[in-house]
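Just so you know, residue 1 is the first one in the sequence shown, and it goes up from there.
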Amino acid sequence: MNLPNMATGQPAVKGRRELKHVITQMDCHLLRHNLQHVMTLDPHAKKDGKYLIRSVYFDNFDNKALNQKKEGLFHRDKYRVRLYDYDTSFINLEKKSKRDNLCYKEKCSMTAEEYTRLNNGDIAWMEEDKRPLMRELYTHMNLFQLKPVAVVDYVREVYIYEQGNVRVTFDSQVRTSYKDTDILNPDLIMVDTVDPNTVILEVKYDEYLPDVIKLLLQVRDSRKTSFSKYQYSRMYG
């Protein structure tokens, strides 16, 4: 099933399935030891297989995106701007959509200057932009008062398995800013949002999850969850 792009009428990328579990650092250590024998590290990561992800999430005065997540709606969208390892030369605008049990992602590149203008409320230029996703975000910012509301940082470790297009990620050190949405500032003041011993295990795949990966991912006392880094970040404003 492909989700149609509402801005272009063209099919977007194929929907993927996502599973999330809250685990401990010890569980993460054990799983990492198991996975490294059959999966490969993300080639885009640093030597230790990790990189920092910084995202700023958009919402409106009614906290629509936040409330839809809390209510567990099976049809919802969220917009974010994302960069990696504080590298402001590579920034993406992303739209992540949930349709029933499938997740979809659309994205386009943008510049640091464009984000600064957007964050300052200067959005008129977006209306006629050549990028469909940028125009779509303009519509939501203009009509529904969507705006950047929270920055979230975390460290991600990624393992890849080609069969089934499987990605297993360990996210830790989840932190957020207090209302400051300047993602371009590497010295942005951040606070912890979850226990430092907590790791969010995410498993993403296409049609099926290979049995060998299912077996390797078995851990004691893991809790399947709809853990949202954005939702936790909003506890701080």
Side-chain angles (χ1 to χ4, degrees), residues 1-23 39 42 53 55-60 62-82 92-108 131-141 143-144 146 149-150 152 154 156 158-171 174 194 198-219 222-234:
M1 176 181 176
N2 289 347
L3 178 71
N5 185 314
M6 300 305 294
T8 65
Q10 299 299 317
V13 295
K14 188 176 183 179
R16 285 167 60 78
R17 301 183 183 277
E18 290 188 4
L19 303 174
K20 291 185 181 182
H21 292 265
V22 173
I23 62 176
M39 303 184 77
D42 185 342
I53 295 179
S55 304
V56 60
Y57 291 85
F58 290 67
D59 216 331
N60 66 3
D62 282 333
N63 293 316
K64 180 180 178 180
L66 178 62
N67 291 327
Q68 286 182 340
K69 178 61 180 178
K70 287 181 177 179
E71 294 166 8
L73 298 186
F74 287 101
H75 185 122
R76 61 181 186 265
D77 302 307
K78 65 181 177 184
Y79 296 87
R80 65 194 180 201
V81 172
R82 174 166 287 185
N92 282 327
L93 166 63
E94 299 182 350
K95 174 186 176 183
K96 189 170 183 180
S97 303
K98 181 78 176 287
R99 299 292 184 269
D100 297 322
N101 293 318
L102 295 178
C103 295
Y104 303 82
K105 186 191 292 185
E106 301 172 60
K107 62 182 179 180
C108 67
R131 293 159 290 186
L133 189 56
M134 193 68 73
R135 296 197 303 271
E136 182 179 330
L137 178 60
Y138 167 80
T139 298
H140 284 269
M141 294 185 72
L143 296 181
F144 307 116
L146 209 65
V149 295
V152 179
Y154 55 93
R156 169 163 285 182
V158 184
Y159 290 86
I160 299 171
Y161 190 75
E162 291 186 2
Q163 295 182 20
N165 191 21
V166 180
R167 283 172 59 90
V168 175
T169 63
F170 299 106
D171 295 340
V174 183
V194 296
T198 296
V199 177
I200 301 94
L201 164 67
E202 295 188 12
V203 185
K204 303 176 184 180
Y205 58 99
D206 290 344
E207 300 295 337
Y208 69 97
L209 183 61
D211 289 339
V212 63
I213 304 301
K214 288 182 183 178
L215 181 63
L216 291 173
L217 288 175
Q218 292 181 2
V219 294
S222 69
R223 305 190 308 276
K224 187 175 180 181
T225 180
S226 58
F227 188 101
S228 167
K229 303 177 191 72
Y230 168 60
Q231 182 177 338
Y232 271 75
S233 76
R234 291 301 304 278

Report task. Supply the atom-to-atom distance Tyr104 OH to Lys14 NZ, rounded to the nearest 0.5 angstrom. Result -> 10.0 Å
Query raised in the report: What heavy-atom pair brings Asn60 and Leu146 nearest, and what distance separates the two atoms?
Result: N-CD1, 3.9 Å
Query raised in the report: Given side chains that start at C-beta, do those of Gln163 and Tyr208 come closer than 4.5 Å, heavy atoms only?
Result: yes
Requested in this report: Heavy atoms only: give me the nearest Leu209-Lys214 pair and the separation to one decimal.
Outcome: O-CE, 3.3 Å
Query raised in the report: Where does the angle between the aromatic ring planes of Tyr159 and Phe170 fall among parallel (under 30°), tilted (30 to 60°) and perpendicular (over 60°)?
Result: perpendicular
Query raised in the report: Between atom CE of Met39 and atom CD1 of Ile213, what is the distance when rounded to the nearest 0.5 Å?
Result: 4.5 Å
Report summary line: The reported gap from CD1 in Ile200 to NZ in Lys20 (rounded to nearest 0.5 angstrom) is 8.5 Å
Report summary line: Across all chains, not counting sequence neighbours, the side-chain contact (heavy atoms from CB on, under 4.5 Å) partners of Arg131 are Cys108, Met110, Glu114, Trp125, Asp129, Met134
Query raised in the report: Between atom NZ of Lys107 and atom NZ of Lys95, what is the distance when rounded to the nearest 0.5 Å?
Result: 15.5 Å
Requested in this report: Identify the two heavy atoms, one from Pro210 and one from Val166, that lie closest to each other, and give their separation to 0.1 Å.
Outcome: CD-CG2, 3.6 Å
**Report entry** Val168 side chain reached by Tyr161 side chain, heavy atoms, under 4.5 Å
**Finding:** no
Requested in this report: Would you mind reporting whether Cys103 and Lys105 have side-chain heavy atoms less than 4.5 Å apart?
Outcome: no
Query - Pairing residues for Lys96 by the salt bridge (Lys or Arg N to Asp or Glu O under 4.0 Å) criterion, not counting sequence neighbours - result: Glu18
Requested in this report: Would you give the length of the straight line joining atom CD of Glu136 to atom OH of Tyr79, rounded to the nearest 0.5 angstrom?
Outcome: 3.5 Å
Requested in this report: May I have the step-by-step check of salt bridge (charged side-chain N to carboxylate O under 4.0 Å, His left out) for Asp77 and Arg99, ending in yes or no?
Outcome: CA-CA 9 Å; Asp77 302 307; Arg99 299 292 184 269; 3.1 Å; yes
Query raised in the report: Should Arg80 and Val56 count as side-chain neighbours, where that means a heavy-atom distance under 4.5 Å?
Result: no
Requested in this report: List for me each residue that meets side-chain contact (heavy atoms from CB on, under 4.5 Å) alongside Asn165, sequence neighbours excluded, and say none if there are none.
Outcome: Arg16, Asp206
Requested in this report: Quick one: pull up CZ in Arg156 and CG in Asp42 and give me the separation to the nearest 0.5 Å.
Outcome: 9.5 Å
Query raised in the report: How close do Val152 and Tyr57 get, heavy atom to heavy atom, and via which atoms?
Result: CG2-CE1, 3.8 Å
